[in-house]
K.L.:
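Let me begin by handing over the structure; questions about it come next.
Counting convention: from 1, in listed order, for ligands and their atoms alike.
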Amino acid sequence: ALTGHRGWERAWRRAQPKARYDVIIVGAGGHGLATAYYLGKRFGITNVAVLEKGWLGGGNTGRNTTIIRSNYLQDPSAAIYEKSRALYETLSQDLNYNVMFSPRGVMMLAQTEHEVRGYRRTAHANALQGVETRFITPAEVKKIVPIIRLEGPRYPVLGALWQARGGTARHDAVAWGYARACSAMGMDIIQQCEVTGIRRDGDRVTGVDTTKGAIACDKLGLVVAGHSGVLAQMAGFRLPIESVALQALVSEPIKPIMDCVVMANTVHGYMSQSDKGEMVIGGGADGYNNYTQRGSFHHVEETVRALIETFPMLSRLKMLRWWGGIVDMTGDRSPILSKTPLQNCFVNCGWGTGGFKAIPGSGWGFAELMAKGHAPLTDSFSLDRFREGRFIDESVAAGVAH
Ligand code: FAD
Ligand code: PYC
């Protein structure tokens, strides 16, 4: 501001589409951009375009509550989420862009005996998977979060699953950092470029139609979260995905009161404090499919009511902003990173309510899948699992009511 906003360097080039690319990625959210970045960094594939219908990071990547953790139950999930969490540890250095990763600790409260058993089980599974979590007592909960009311009018706090190296990061910076690095490798990030059709020759994709004209490609990656069903329909196949609104809100900024993330999944609400002092609060997903990016009012009401039971000191806070994103839900609450019925078309979606934490790991694995045809991190998450009944059930670890 002292320079009158003159002399800023562009973080990424304003690109116009070329006639053809080796790889086109549809969707410049975190997962699309990370995929492009690792295609270049790990496999030397840089003739890549990332096409975005709006502005980059304007989808769920810029709308989420930034929680990063890897305390999942099943082995394939722990592997990809832990890889991702580990990549977050050095992402600022890798991208030379401060993504403000803050491993401040993530706590999932156990407020029923059922949850106690579930989280103890997860802690045991995580120990076998090399993921550092532990089940802590109510006294330890209170020590870490002094503002919590352990008794609760409906559900007392009986303990918690604690991941000390979980935390948060600045969501926009994650998108911007990957975008800048992709652009520096010569890739084209093309905003306001909506894909409106997918061109095929038999069971091969030959290119896409866009609002900026037709573009040819050798390989196509669909990475559009809540719009995955729409893109799959353009390509001529169906996905087991439902799209629903998930919402969040922030309060007016206040002095520091809580220096970790707390999720209360029984009463349903979760909360952290942003660096600006706002309490960042999120609730459950809408109970019906929609594309509204807003969400139903009763969900915020329920969320805030639930949080006030556990944190009574919040009751006088004012809400500052409120928004929603369209999340892509699978039946087993695990993502899809997969080949498709079209030979050279790949899909990365189904991250639902929990894909921000997975951006680096997903990009790492999906780039390998697109480059080599298979990848250890992603093989379990193929579309085949729905036909084979090989579900990766993470409905508890997803942590968000749906
Ligand atoms: P997006 O960021 O949505 O990117 C997809 C992009 O595709 C969009 O920019 C869209 O405009 C573009 N697109 C769509 N159609 C087209 C088209 N036809 N042509 C071109 N471009 C197209 N996850 C966590 O891990 N922790 C959290 O705390 C957390 N909290 C959340 C809170 C809320 C309120 C919401 C909504 C989500 C939350 N999530 C969280 C989930 C997380 O945000 C998502 O899983 C993740 O951001 C998905 O990233 P993405 O890159 O796949 O999708
Ligand atoms: O995946 O941890 C998560 C999460 C919290 C809120 C929304 N998603």
K.L.:
Using a 4.0 Å cut-off on heavy atoms, what residues surround ligand 1? Order them by chain and number.
P.N.:
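Only Val26, Gly27, Gly29, Gly30, His31, Leu51, Glu52, Lys53, Gly59, Asn60, Thr61, Arg63, Asn64, Thr65, Thr66, Ile67, Cys193, Glu194, Val195, Val223, Val224, Ala225, His227, Leu231, Leu246, Gln247, Ala248, Tyr270, Gly325, Val327, Trp351, Gly352, Thr353, Gly354, Gly355, Phe356, Lys357 have heavy atoms that fall under 4.0 Å of ligand 1, ordered by chain and number.
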K.L.:
Quick one: sort the Trp8 and His5 rings into parallel, tilted or perpendicular, breaks at 30° and 60°.
P.N.:
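The arrangement is parallel - the two ring planes meet at less than 30°.
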K.L.:
Using a strict threshold of under 4.0 Å (side-chain N to carboxylate O), is an ion pair present between Glu89 and Arg85?
P.N.:
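Yes, Arg85 and Glu89 are salt-bridged.
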K.L.:
With the threshold set at 4.0 Å, does a side-chain nitrogen-carboxylate oxygen contact exist between Arg42 and Asp94?
P.N.:
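Salt bridge flag = no for Asp94 with Arg42.
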K.L.:
Can you tell me which residue and heavy atom of the protein come closest to atom 6 (C) of ligand 2, and the distance to 0.1 Å?
P.N.:
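In this structure, atom 6 (C) of ligand 2 has Tyr270 CZ, 2.9 Å as its nearest protein heavy atom.
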K.L.:
In ligand 2, which numbered atoms sit nearer than 4.0 Å to a non-hydrogen atom of Gly354?
P.N.:
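Heavy-atom distances to Gly354 below 4.0 Å select 1 (O).
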K.L.:
Is any NZ, NE, NH1 or NH2 atom of the basic residue among Lys339 and Asp384 found under 4.0 Å from an Asp or Glu carboxylate oxygen of the other?
P.N.:
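No, Lys339 and Asp384 are not salt-bridged.
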K.L.:
Relative to each other, are the rings of Tyr81 and Tyr72 parallel, tilted or perpendicular (30° and 60° limits)?
P.N.:
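Ring orientation of Tyr81 relative to Tyr72: parallel.
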K.L.:
Of Arg69, Glu394, Met108, which has the heavy atom at the shortest distance from atom 2 (O) of ligand 2?
P.N.:
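Checking each option, the heavy atom nearest atom 2 (O) of ligand 2 is found in Arg69.
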K.L.:
Answer yes if the side chains of Gln74 and Asp393 hold a donor-acceptor pair under 3.5 Å, and no otherwise.
P.N.:
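Short answer, no.
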K.L.:
Return the residue, atom name and 0.1 Å-rounded distance of the protein heavy atom closest to atom 1 (O) of ligand 2.
P.N.:
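Atom 1 (O) of ligand 2 sits closest to the protein heavy atom Lys357 NZ, 2.4 Å.
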K.L.:
State, yes or no, whether a side-chain contact exists between Pro376 and Glu368 at a heavy-atom distance under 4.5 Å.
P.N.:
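Yes, at least one pair of side-chain atoms sits under 4.5 Å.
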K.L.:
Can you pull out the closest protein heavy atom to atom 8 (N) of ligand 2? Residue, atom name and distance to 0.1 Å, please.
P.N.:
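The protein heavy atom lying closest is Thr353 O, 2.7 Å.
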K.L.:
Assess whether a salt bridge exists between Lys143 and Glu140, defined as any Lys/Arg side-chain N lying under 4.0 Å from an Asp/Glu carboxylate O.
P.N.:
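Salt bridge: no.
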K.L.:
Going by the ring pair (Phe, Tyr, Trp, His ring centres under 6.0 Å) test, name the single residue among Trp364, Trp351, Tyr178 that passes it with His31.
P.N.:
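Option passing the ring pair (Phe, Tyr, Trp, His ring centres under 6.0 Å) with His31: Trp351.
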K.L.:
Can you find an N or O of Thr65 that's nearer than 3.5 Å to an N or O of ligand 2?
P.N.:
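Checking ligand 2 against Thr65, no N or O pair falls under 3.5 Å apart.
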